[in-house]
Amino acid sequence: MKLATWNVNSLKVRLPHLLDWLAATGTDVVCLQETKLEDSRFPLAEIEAVGYRVAFSGQKTYNGVAILSRTPLAEVQAGIPGFDDEQRRVLAATLGEGEAAIRVVCVYIPNGQSLDSDKYVYKLRWLDALIAWLRDEIARHPRLALLGDYNIAPEDRDVHDPAAWAGQVLVSDAERARFQALIELGLKDAFRLFDQPDKSFSWWDYRMMGFRRNLGLRIDHILLTPALAARCRSAEIDKAPRRLERPSDHAPVLATLAPEDGEGTTT
DNA sequence: ATGTCTCAGGGACTGAGA
């Protein structure tokens with residue numbers, strides 16, 4: 001089972017990339033961020049036509065999240081319960097049933113703009129609400145995957161030039177402490193379960209020829225509870241869509257899970 | 001290198017957000 005996350009930076013613009021990529025990779029579940037589409041404008045028919053069920057929570061111009069899955073989605077939840085937020089940044093859904101059910105949580109964590117911005121205060125508050133909610137959610141769903149654009153580079157090795165970025169948003173101590181709090185809920189960073197090339201990034205600024213010079217950050221992540229991490233066989237960043245014409249500024253991140261014992265076998 | 005891309009409003013370009 002291939003799970004993925006991709007900040008598409010406008011689903012309207014990136015729909016052809018997404019459909020090509022789904023066909024090329026055979027991804028089973030993908031979490032999208034920055035769809036930037038009101039729900040009435042979501043390209044439901046085009047996506048269903050290629051064999052995916054969809055849940056989405058969008059708004060005009062900004063934000064917007066969606067989950068695409070080859071199997072049905074249940075218990076769909078938009079937003080963090082009890083956290084009042086106009087911005088469409090969270091969507092959760094359950095795949096499968098009973099013991100084998102997997103809870104998928106798609107997040108578009110606020111960018112924060114800069115350390116002296118109100119948006120940074122919002123980011124930290126938002127992360128605190130996410131952490132508190134996930135504590136309960138993980139207790140209810142031992143098989144949980146948290147996928148999305150975290151807008152946090154967890155470590156210096158996730159930053160092309162840590163000295164240049166020191167003290168900036170996306171790498172600040174307070175943000176990294178929140179990422180660590182997620183890890184302390186028991187979640188594992190799927191990408192770091194495996195040896196990875198140095199200077200592996202998932203986002204590159206459109207400016208300064210950032211992608212060609214690999215001036216990137218690793219800010220898109222797949223975190224897995226231990227039950228899912230034990231089944232994780234590989235994780236990678238797929239840079240291919242970033243090389244296309246009119247790319248998103250983010251590349252998709254993937255994790256492959258082995259079937260659970262007894263799952264997918266015939267008798 | 002205030003660098004690029006997307007979107008809305010409004011009907012050309014500007015500003016916001018990232």
Side-chain angles (χ1 to χ4, degrees), chain A residues 5-21 31-43 46-47 56-66 79 85-91 106-127 130 147-154 158-172 174-176 178-179 201-221 237-253:
Chain A
T5 180
W6 192 5
N7 179 324
V8 290
N9 186 18
S10 170
L11 183 55
K12 181 184 168 190
V13 174
R14 232 64 70 189
L15 182 61
H17 287 30
L18 175 67
L19 297 177
D20 289 349
W21 183 80
C31 293
L32 304 178
Q33 301 86 37
E34 289 206 83
T35 55
K36 299 186 176 179
L37 287 173
E38 284 179 298
D39 290 347
S40 62
R41 296 181 173 276
F42 194 91
E46 291 90 332
I47 291 172
F56 47 87
S57 175
Q59 66 188 95
K60 197 159 60 170
T61 314
Y62 306 119
N63 310 311
V65 282
D85 192 1
E86 305 271 295
Q87 304 188 26
R88 301 286 192 251
R89 295 181 173 278
V90 173
L91 192 61
C106 174
V107 291
Y108 175 46
I109 293 176
N111 172 285
Q113 195 164 62
S114 62
L115 299 208
D116 58 2
S117 167
D118 291 347
K119 298 193 180 81
Y120 183 72
V121 176
Y122 164 70
K123 180 177 193 173
L124 297 183
R125 254 191 349 107
W126 197 99
L127 281 161
L130 177 72
L147 306 93
D149 176 357
Y150 287 57
N151 273 311
I152 301 172
D158 301 313
V159 180
H160 68 90
D161 185 347
W165 276 85
Q168 295 201 54
V169 76
L170 311 188
V171 307
S172 73
E175 293 164 78
R176 286 178 167 176
R178 266 69 173 187
F179 187 88
F201 307 125
S202 66
W203 169 83
W204 302 260
D205 200 303
Y206 283 123
R207 294 169 288 191
M208 300 182 292
M209 296 189 291
F211 182 68
R212 265 193 280 175
R213 298 162 64 199
N214 199 30
L215 306 181
L217 301 180
R218 192 176 71 94
I219 56 175
D220 301 271
H221 308 294
I237 296 166
D238 183 1
K239 289 163 78 170
R242 190 65 173 77
R243 297 191 185 99
L244 301 174
E245 291 292 316
R246 290 192 91 189
S248 169
D249 43 353
H250 294 252
V253 181

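Scope of the values below: all heavy atoms of this structure, side chains included, with no hydrogens, waters or symmetry mates. Note that the structure is a prediction, hence the values are computed from the model and not measured. Each chain gets a letter, A, B and so on, in the order its sequence line appears, and its residues count up from 1.
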Expressed as a whole number of Å, how far does the [atom1] atom of [N] sit from that of [M]?
{"N": "B:dG10", "M": "B:dG15", "atom1": "C1'", "result": "14 Å"}
{"N": "B:dT14", "M": "B:dG3", "atom1": "P", "result": "13 Å"}
{"N": "B:dT2", "M": "B:dA16", "atom1": "C1'", "result": "14 Å"}
{"N": "B:dG17", "M": "B:dA12", "atom1": "P", "result": "25 Å"}

Quick check against the 3.5 Å criterion: does [X] have a side-chain atom that pairs as donor or acceptor with the backbone of [Y]?
{"X": "A:D249", "Y": "A:W203", "answer": "no"}
{"X": "A:Q59", "Y": "A:R88", "answer": "yes"}
{"X": "A:R176", "Y": "A:A153", "answer": "yes"}
{"X": "A:Y206", "Y": "A:P247", "answer": "yes"}

message: What contact category does A:Y108 fall into here, base, sugar-phosphate, or nothing, at under 4.0 angstrom with non-hydrogen atoms?
response: sugar-phosphate
Starting at atom [atom1] of [X], determine the distance to atom [atom2] of [N], rounded to an integer number of angstrom.
{"X": "A:Q113", "N": "B:dA18", "atom1": "CD", "atom2": "P", "value": "7 Å"}
{"X": "A:N63", "N": "B:dG17", "atom1": "CG", "atom2": "P", "value": "11 Å"}
{"X": "A:Q168", "N": "B:dA18", "atom1": "CD", "atom2": "P", "value": "15 Å"}
{"X": "A:R14", "N": "B:dA18", "atom1": "CZ", "atom2": "C1'", "value": "13 Å"}
{"X": "A:I109", "N": "B:dA18", "atom1": "CD1", "atom2": "C1'", "value": "15 Å"}
{"X": "A:Y122", "N": "B:dG17", "atom1": "OH", "atom2": "P", "value": "12 Å"}
{"X": "A:E38", "N": "B:dT6", "atom1": "CD", "atom2": "P", "value": "19 Å"}
{"X": "A:R213", "N": "B:dT4", "atom1": "CZ", "atom2": "P", "value": "13 Å"}

Report the nucleotide, chosen from [options], that has the shortest atom-to-atom distance to any side-chain atom of [X].
{"X": "A:K119", "options": "B:dC5, B:dC7, B:dA18", "result": "B:dA18"}
{"X": "A:M208", "options": "B:dA18, B:dG3, B:dT6", "result": "B:dG3"}
{"X": "A:E34", "options": "B:dA8, B:dA18, B:dT4", "result": "B:dA18"}
{"X": "A:Y206", "options": "B:dA8, B:dA18, B:dC5", "result": "B:dC5"}
{"X": "A:R246", "options": "B:dT6, B:dC7, B:dA18", "result": "B:dT6"}

Phosphate contact (B:dC5 OP1 or OP2) by A:S248 side-chain N/O below 4.0 Å: no
query: Does A:K60 place a side-chain N or O at less than 4.0 Å from the phosphate oxygens OP1/OP2 of B:dG9?
result: yes
task: Could you pick out which residue, A:N151 or A:T35, lies toward the 5' side of DNA chain B when each is mapped onto its nearest nucleotide?
output: A:T35
- request: Please tell me which of A:N111 and A:R207 maps to the more 5' nucleotide of DNA chain B, matching each residue to the nucleotide holding its nearest heavy atom.
  value: A:R207
- prompt: Is the shortest heavy-atom distance from the side chain of A:V8 to the side chain of A:H250 under 4.5 Å?
  reply: no
query: Just checking, is any N or O donor in the side chain of A:R89 or A:N63 under 3.5 Å from an acceptor N or O on the other one?
result: yes
